[in-house]
Every structure is written in structure tokens, then in C-alpha cells.
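These notes concern the structure reproduced below.
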Amino acid sequence: MELNLQQKAAAEYSGENHILVLAGAGTGKTRTIIGRVAYLLETGVKPWRILLMTFTRRAAGEMIERLSGLVGDASRSISAGTFHHFSLYTMRRMPNDFNIGKATVIDRDDQVQLVRLIRDGYKRKKGVVPRAAEVVNLYSYARNTVQPLDAYLDKHSDYDDETIKMICDMAREYERRKQLNLYLDYDDILFRFADVLQENREVRERLKGGYDHILVDEMQDTNPLQWRILELLKDPPRLFCVGDDAQSIYAFRGADFRNVHSFTERVAQSEVLRLEENYRSVQGVLDFSNQLLENSSIRYGKKLRAYRKDPGKPRFMIFYSDMAEARYIASDLVQRHKNGARWSDHMILTRTGYAARTLESFMVEKKIPYRFIGGASLLQAAHVKDLICLLRSAMNHRDELAWTRYLKMFPKIGDVTAGKMIAAMKDCETTAAALETLSKANPSRKELIGNVNSVAGALESPAEAIKIASDVLTPLLKNRYDNWKRRSNDFKLLKRMAEGHESMAGFIEAYTLEPISTSMAERDGDEDAVTLITVHSAKGTEAKVCYLIRVEPGMYPHSRSIGSIDDEEEERRILYVAMTRAMDDLILTRTMGKWDVDDSSFFFNELDETMVDVHSTPHLY
DNA sequence: GAAGCGTTATACTAT
DNA sequence: ATAACGCTTC
């Protein structure tokens, strides 16, 4: 593999220090990490003694894929995945040391649902009770930044003392309910792992002894909780971290862009290397991106140098409505495809999943194949959740959230009745005993119990269990949703997805940890398709032609961050990440939007026409 | 008291 | 599209 001098110096570093590679956008971070792994293998490091931490499982898969072309089968022995995957699977592999038993991993929706049940008990008291989703966010943020919830709220929120106490009470009750239900939320996965590592010297030493090198991608977006895990695992393992402060866009999860600056202070025996030459983009794209950063009050001290010499000025197109914007992008895609370009050379970047909906409908209408990455996932759709909850109910009679949702599908059962039925089962040891208890107390509810029984009998074959669950739920659901035909197709999709899995729990866990959109599930991986992607998910990716949609007031910076300097600067980095994905063509589009949006912080109130070609289109709807 | 229905609000980013 | 809320019905 060809590496430039700086990349080579990083990849083939042979000293004993921990390394941070500061690498700007498009400077070959991934290439350098892959080069590093290849180098380590060449020098005799065993592949299973290399741990590769990536930001998403998708990124891990791509790196392993590229490595296999370089080093063959050895790539399959490398441990690669996110902090969450690594932590969870290590705990599952060492069940006696971590004691997570049969715990169910719950996603954010489940967290919110559980807090909602708890919150109902707080409604009577005077004053406003924060929303369940807000409580989940606050608590998760405090945990990811490793600070007590009350201290965090005291310092960083506007809540009065009484409300703070209430939020802390709800969080405590949330913890209790999780234990009762054998739930692990995303944060528990990291916390439990870190706690055991810290408390149990023997386990810690055993794990540390398993690795020589820990490589961390997207270091700028690791939060204090993840840092804590790295600190517990390093020495003797050597750290090789790669990141870019200007691309730090996960502050809401506890990451701080300044962290990479203090790397050498935080990590003894460490040094910083740099990658500065950009191979991805044409000069025009880089000039425009550099200008965006220069307008910031923060000095990132970087200016990307293009290796490529072609000018390639970006375009900025103004449309009257989102319909006109979407229509243009769809027809431009079709035109480029007709001219011989592949669909997969095109990426459409969106700030929010919601903002891409108009465009999505045009993609469907024009029959342009696309994959949506980020945004709402298949498992979050109401009808899919219904089905998953029946499966979960059959697997674990103490799964309060699953049972509540399942029971409420039946007439005359609401939160209260469901709660009573679940309480009746809580002391039963087995599912069979629980169903027996339920059936004695509710003789008229044969159907309800029979459904769970049939699914429970088929759990050894996930696809079969899904088929049964789908059949028994159809009569209950088909009148509840208007577009039932389209929704029921998702059940078939789910069945197909489950076919490769050996256990139901494994299947559900895999897709809880790695959410998948409908558009991804419908297509197989190598099909030529346009990528529609949120900017957050696009970190680390690139495409020849990039469309950035809805680059307008209220979006960049997002209206929610207006007023906070830190938040607005994070939004600038988000836009920076988006723009630097483009290799050849960068097309920014905006609509005229609503008239009442505060546009004073918009990043492009004035457009420098030496940097970008501006096109205004006729006011067509 | 609990369930169910219709109306209205809200929709940022994600492991 | 879905959650939350207020109001009516059982």
C-alpha cells in the first residue's frame, strides 16, 4: 500500500510511546490505520492481539474488508468494533466475571418508555415534570461524562432544586426498574464493563494481557466514559489513536473537541503525529471548507492542502421550496446516471432525518435506488416494535416493557391492567409457570396467552418464530394502521433477516445495537445505490458527488443550538464534516424556508462568489 | 378508575 | 409519523 511520508511515519511507528495521530479531513486516516495494522502484522504481532475501536460497526466492517485484501485471512482474527460491541461481547464471553446473564439490551425508545412509566407517578405534584425523553438525555449525558446527575444538573441546567431532586429520583427508580427487568441500556454496557475492570484486578490484568495494540478511530468523539475504558486497558497495550478536533460532532454524547489537545498531558509516555495533506477533494471544495473554519472564533490551526490540482468550485443552489429542491436533485441524479456515472458515486447529506423526507419521496417516485443511513430505523417503526415485543415477551416473562406493549394491543387492556398482569407474573420462575399463572387469573384471555405460547415454542428457529408472531398479530394490527400492506412487508423482511441467526436473543441484540433502516434491509450490500445519509453517520465516508440539502437558516446552525456559542461552533464542525466528504463535486442546496426563522447565525448569510457559484432558480413549487 | 378516542404538538445528531 | 394530552365512555 502506498503511503506518504507522514502516513508512513505513523503507520510504521516502532517506538514505545502511545500515539495520537492528528489528521485533517481526507488526509488518509483510514488508510493509515489499515497501514498500521498491516505493519504490526508484518512485524510479527498476532492478529488476535490487535484491538480496533471504530465509531460504527459499519466502519469496522469496511476496514476489515480492506484489510483482508491486504493481509488475507489474518484480518478475520482482529477484534474490531465499537466500544459498545467490544464491551458487550467481552462480557458475554466472560459471563462469570461480568455477571450480565440473560440481560436484554434496550434501546433509547425503551429507555424513554420505562421512564414514561415512572414519570406517571410524578404527575400529581405541582410544577412541570420534565419529559421522559429529556430525563433520559440528561441522565445519559451525566453518565457518559462520568459525573453524578445532581452535580451535573446543578451546574449545567436551569432547573430549580425541586425539579433536580425529582429528576434524580426518577433516575434512581429507573435504575431499580432496569435491575428488576434484567435490562442493560447502552450506557450500562460501558459502565458495567468499566466498573468490573476497575474493581477486579484479576479480570483487568487478564484482558490487558490479551492485547498488544489498541487502535482507536475518531478519537475526537470519544467521551469520558470511553476514555475511562481506554485508561483501564492500556499499559502494557499501546494506544494508537486517530482523530481531528475540527470534526468533533458528538458533544451531545459527552465528547469534547478539546480532548485531543490534552492527549499528551493525559497519557504518560505519548506523542502526537500529524497528517496534513488532503487526497480526497479538489481545491475548490477545500477552499470553501477552510473558509468556514476560518470564520470560527475557535482556532483549529489547520488549513487543508489539496494534493489534487483540479479547481472544482462548489455550487450553491437556491430553491423556493423543498419540493423544488428534491425535484432538482432527483433529476440531476438521473441525468448523471444516464451519462454513465454509478449511483454509488453519489451521496446526499442531511442534517436531520426529518429534513430528508421530501427528497426520499422523490427518490421513490423516480425509482432511484438508495440506502438511507442514520435517522429512524426499521426496528423503531410502530408495527415492528409490536412484533419484537411479542418475541421478547415469549423470551422473558419479566420483560416489563415488552409485555406492556404486547398486552395493550388487546381491547380493554391499558397501562393499568397490563401493569397488574405483569405484576402477577413477576415471582414466577419460568415462562411456562408465568403463562400458567396468567391463564388462571384471566380465563377469558386464551388468545393472548396462546400467542405467547406458540412463539415461545418456536424460539429455536428465529425465522419460524417471527412467522408465527406475524401470523398471530396480523388480525390484531391490520385495522390499527392504515397502510397495513406496506407494513406487513416489513414482517417478511424481518423474517428474512432472521434466517441467518441462530438465536432469537442474538438476532434482536444485533439489531438493537446496530439499527438498520428499511431502505438498507431491502437492498443487498453490493447493489449499486445512492447513499442518503445524516452528516453524523457520514463521518469517515466520502463520495465523488455530494449534495448537501437544506443548507439554510435553522439548519446550520440547527435552531436548537442558537444562542449557545459552544453549540453553534459544534454546528459549524458538522457543516465542515459534511462539506469535506466531497471528492469532485460539492452541491449545496437550500430552500427559502419559513419566513419566521431566526437567520442571524446562519453560516452563509453572505456568499463569497469567489469561493462558490450561486444559482437562484425560478420560484416554482 | 381505566380505557379509548380525537386533537394537537413535536420531530437533531446516535452507540 | 408518532407521542402526549384532554375529554368522553364504560
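Lettering of chains follows the sequences in order, A, B, ..., and the numbering in each one begins at 1. All of these numbers come straight from a predicted model, not from anything done at the bench.
Annotation: proximity of residues 378-390 of chain A to DNA chain B (heavy atom, distance under 4.0 Å) is found for no residue. For DNA chain B, the neighbouring residues in residues 401-419 of chain A, judged by any heavy atom under 4.0 Å, are P411(A), K412(A), I413(A), G414(A), D415(A), V416(A), T417(A).
The side-chain hydrogen bond (donor to acceptor under 3.5 Å, both in side chains) test applied to R550(A) returns E552(A), not counting sequence neighbours. With sequence neighbours left out, the side-chain hydrogen bond (donor to acceptor under 3.5 Å, both in side chains) criterion links N137(A) to R108(A). Taking the salt bridge (charged side-chain N to carboxylate O under 4.0 Å, His left out) definition, one finds that R523(A) meets it with E527(A), sequence neighbours left out. Applying the side chain to side chain contact (heavy atoms under 4.5 Å, CB included) rule to P515(A) yields the partners S377(A); only residues at least two apart in sequence or on another chain are considered. The side-chain hydrogen bond (donor to acceptor under 3.5 Å, both in side chains) check on Q226(A) picks up nothing, with sequence neighbours excluded. Among residues two or more places apart in sequence or in another chain, the side-chain hydrogen bond (donor to acceptor under 3.5 Å, both in side chains) test is passed with Y547(A) by D332(A), R336(A). Contacts of R92(A) classified as salt bridge (charged side-chain N to carboxylate O under 4.0 Å, His left out), with partners at least two apart in sequence or in another chain: E509(A). Legend: residues meeting salt bridge (charged side-chain N to carboxylate O under 4.0 Å, His left out) with D109(A), ordered by chain and number and at least two apart, are K385(A). Residues satisfying the salt bridge (charged side-chain N to carboxylate O under 4.0 Å, His left out) criterion with R572(A), sequence neighbours excluded, are E569(A).
Taking atom CD on Q113(A) and atom C1' on dA4(C), their separation rounds to 11 Å, with Å as the unit. Note: CG (D109(A)) to C1' (dT2(C)) measures 10 Å, nearest angstrom. Residue N479(A) contributes atom CG, which lies 15 Å from atom P of dG4(B) at whole-angstrom precision.
Residues N442(A) and L448(A) fail the side-chain proximity criterion, which asks for heavy atoms closer than 4.5 Å.
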Exercise. Heavy atoms under 4.0 Å is the rule here; annotate nucleotides 9-15 of chain B 5' to 3' with B where the base is hit, S where only the sugar-phosphate is, and - elsewhere.
Key: --BBBBB

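Within the nucleic acid shown, R550(A) has no heavy atom closer than 4.0 Å to any nucleic acid atom.
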